[in-house]
Amino acid sequence: MATYFITLRTQNLSQHQHVTQYVRAIKRATYPNSVAVHLHTTNSLNQRDPHIHLTIETGDLDAVKARISFFYPPGG
C-alpha cells in the first residue's frame with residue numbers, strides 16, 4: 001500500500017461551477033480505500049481556481065483512476 005496526493009482541476013473554465021459535484025463522485029469511486037477529499041475554491045495566490053485535493057491509500061492506483069473516471073459526470 002502507498003499513499004498518493006492527487007490534485008484534480010477542470011480543463012475548461014466553463015466547467016468550474018461543476019467541481020463541487022465531483023467531490024461526491026470521487027468519494028463514491030474510492031469507497032473501499034482510505035481517502036480524504038478536500039474542495040478548494042482558490043489557489044495559493046488567492047485567485048479563483050476551484051480544484052480538489054485527494055489523498056488516498058491504495059495498492060492499485062490504476063484501478064482507482066479508472067473508477068474515478070467512471071463516476072465523473074458527462075463532459076467532466
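Quick note: residue numbers are just sequence positions, from 1. All of these numbers come straight from a predicted model, not from anything done at the bench.
Between H38 and A36, the shortest heavy-atom distance links the atoms NE2-CB, 4.0 Å. Scanning all heavy atoms of the two residues, the minimum distance from R67 to R28 falls at NH2-O, 3.4 Å. Of all non-hydrogen atoms in D60 and T58, the two that sit nearest each other are N-OG1, 3.1 Å.
Taking the side chain as every heavy atom from C-beta outward, I6 and I68 never approach each other to under 4.5 Å. Residues L39 and I52 are in side-chain contact: their nearest non-hydrogen atoms beyond the backbone lie under 4.5 Å apart.
With hydrogens and angles ignored, the 3.5 Å screen pairs no side-chain donor or acceptor of N33 with any backbone N or O of V35. Checked by atom type and distance alone, the side chain of R9 never pairs as donor or acceptor with a backbone atom of H51 at under 3.5 Å.
Rounding to the nearest 0.5 Å gives a distance of 8.5 Å between CG of L54 and CZ of F5. We find the CG-NE2 distance between D49 and H40 to be 10.5 Å, quoted to the nearest 0.5 Å.
Partners of K65 by salt bridge (charged side-chain N to carboxylate O under 4.0 Å, His left out), not counting sequence neighbours, listed by chain and number: D62.
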